[in-house]
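Note that this is a predicted model, so its numbers are computed, not measured. In the text below, chain A, chain B and the rest are named by the order of the sequence lines, each starting its count at 1.
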Number of protein chains: 2
Amino acid sequence: MCGGRSCYPAEMSAPRSTKQRDVIARVLDVAEGPLAVPDILTRTQAQVPGVGLATVYRTLKLLSDQGSIHPVTLDGETLYEASGRGHHHHFSCTACGRVFTLHACPVSIPAGTVYPGGFVVEAHEVTLYGRCPDCAARA
Amino acid sequence: MCGGRSCYPAEMSAPRSTKQRDVIARVLDVAEGPLAVPDILTRTQAQVPGVGLATVYRTLKLLSDQGSIHPVTLDGETLYEASGRGHHHHFSCTACGRVFTLHACPVSIPAGTVYPGGFVVEAHEVTLYGRCPDCAARA
DNA sequence: GTAGGTGCAAAGTATTTGCATATAT
DNA sequence: ATATATGCAAATACTTTGCACCTAC
């Protein structure tokens with residue numbers, strides 16, 4: 001129907017699979033939480049020595065457009081994480097600065113809920129701040 | 001006790017009161033929600049024609065250090081809002097892009113609550129996404 | 001073989017800083 | 001009078017883009 005091996009909209013071809021892309025995608029897949037760009041670059045370079053920063057940015061944009069990852073902004077820092085991990089939120093440790101993924105959700109707001117003033121809620125995002133297990137134990 | 005008109009730590013003097021600072025502080029005080037820097041500049045220029053962008057940034061930093069305002073990062077954009085408005089959250093309209101302050105809080109997490117995994121929660125931040133009253137009415 | 005991808009370096013944004021002038025105290 | 005603040009322009013930091021070479025298909 002579309003001529004190629006998989007169907008992409010007319011005049012558009014499927015992105016090619018390259019070592020750089022595969023590694024960057026996997027780095028995010030196995031990450032313990034959302035990662036910053038320099039961190040992604042470092043982890044990628046461990047497996048693909050010469051990768052350039054531009055490729056990381058280009059790939060992050062590509063993966064974001066595809067929907068397989070998405071950016072999270074936390075305290076002014078832009079982090080990226082793999083999508084499709086289900087509904088979750090983030091915990092930012094005020095002691096060590098690391099960000100963790102939490103699958104517990106402290107909020108229950110069905111889509112369509114109307115807030116005082118007439119705000120129709122479609123989605124929510126929660127960030128918790130405090131001490132991560134390591135830092136809490138160390139305190 | 002400290003020699004000056006107000007007490008500041010030794011070797012530090014009180015910031016001076018200037019037209020620029022007063023106006024920038026007031027702009028944030030009367031704002032309907034957190035504002036982006038270009039927006040702050042525009043609103044300030046309406047009252048102090050020649051203000052420079054650098055002064056806006058310097059003043060935002062000063063006010064932040066003083067604690068009278070604080071930055072909020074929302075979808076990669078850095079916004080500033082006056083502090084001391086009590087516990088509140090933000091609503092970001094997915095249609096018009098405006099950000100509003102909401103005083104309703106959908107979360108109840110007493111400080112010290114421990115989340116699964118051992119995360120000790122000290123604070124939380126919530127952002128709701130959806131249609132603002134204007135856009136909901138227009139839909 | 002060819003379209004698409006990569007690395008490098010140059011170009012854009014956003015924010016910060018240096019310096020001469022202006023201003024609050 | 002003098003230290004501090006301002007405005008402009010240069011400097012920084014982060015991200016995007018142009019281009020010649022390389023690689024997946």
**Linked, directly or transitively: B:L62 and B:Y57 (ILVMFWY side chains, under 4.5 Å)** = no
**Item:** Donor-acceptor side-chain pairing of B:D75 and A:T73 below 3.5 angstrom
**Value:** no
**d(CD, B:Q47; P, D:dT6) in whole Å** = 15 Å
**Prompt:** Looking only at side-chain N and O atoms, does A:T55 come under 4.0 Å of OP1 or OP2 in C:dG5?
**Reply:** no
**Fill in**
When rounded to whole Å, the CD to P distance for the pair B:Q45 and D:dT6 reads 14 Å
**Request:** Applying side-chain contact (heavy atoms from CB on, under 4.5 Å) between B:V27 and each of B:D29, B:V30, B:V23, report the one that passes.
**Result:** B:V23
**Interatomic distance where CG belongs to A:D65 and C1' belongs to D:dT16 [whole Å]** = 14 Å
**Item:** Gap between atoms CG and P, on A:L62 and D:dT15 respectively (whole Å)
**Value:** 18 Å
**Request:** Give the rounded distance in Å between these two atoms: NZ of B:K19 and C1' of D:dG7.
**Result:** 16 Å
**Prompt:** Is the side chain of B:H89 donor-acceptor paired with the backbone N or O of B:V126 at a distance under 3.5 Å, no angle test?
**Reply:** yes
**Asked** Can you find a heavy atom in the side chain of A:R98 that is under 4.5 Å from one in the side chain of A:F100?
**Response** yes
**Request:** Estimate the overall bend of the helix from C:dG1-D:dC25 to C:dT25-D:dA1 from the end axes over five pairs each, rounded to 10 degrees.
**Result:** 30°
**Item:** Atom-pair distance (CZ on B:R21; C1' on D:dT6), nearest Å
**Value:** 9 Å
**Asked** What's the CG-C1' distance between A:L60 and C:dT6, to the nearest Å?
**Response** 15 Å
Sort me out a list of protein N/O and nucleotides 13-16 of chain C N/O pairs below 3.5 Å, or just none if empty.
| residue | atom | partner | partner atom | Å |
| --- | --- | --- | --- | --- |
| C:dT15 | OP2 | B:Y57 | OH | 2.2 |
| C:dT15 | O5' | B:Y57 | OH | 3.1 |

**Donor-acceptor under 3.5 Å (B:T55 side chain, B:V51 main chain)** = no
**Message:** Here's a test for you: under side-chain contact (heavy atoms from CB on, under 4.5 Å), which of A:T42, A:T78, A:L79, A:V56 qualifies with A:V37?
**Reply:** A:V56
**Message:** Hydrogens and angles aside, do A:H124 and A:H87 bring a side-chain donor and acceptor to less than 3.5 Å of each other?
**Reply:** yes
**Asked** Are A:Q20 and C:dG7 close enough that a side-chain N or O sits under 4.0 Å from OP1 or OP2?
**Response** yes
**Prompt:** D:dT4 base to B:R16 side chain: any donor-acceptor pair below 3.5 Å?
**Reply:** yes
**Request:** Say whether A:H88 and A:E81, considering side chains only, have a donor N or O and an acceptor N or O under 3.5 Å apart.
**Result:** yes
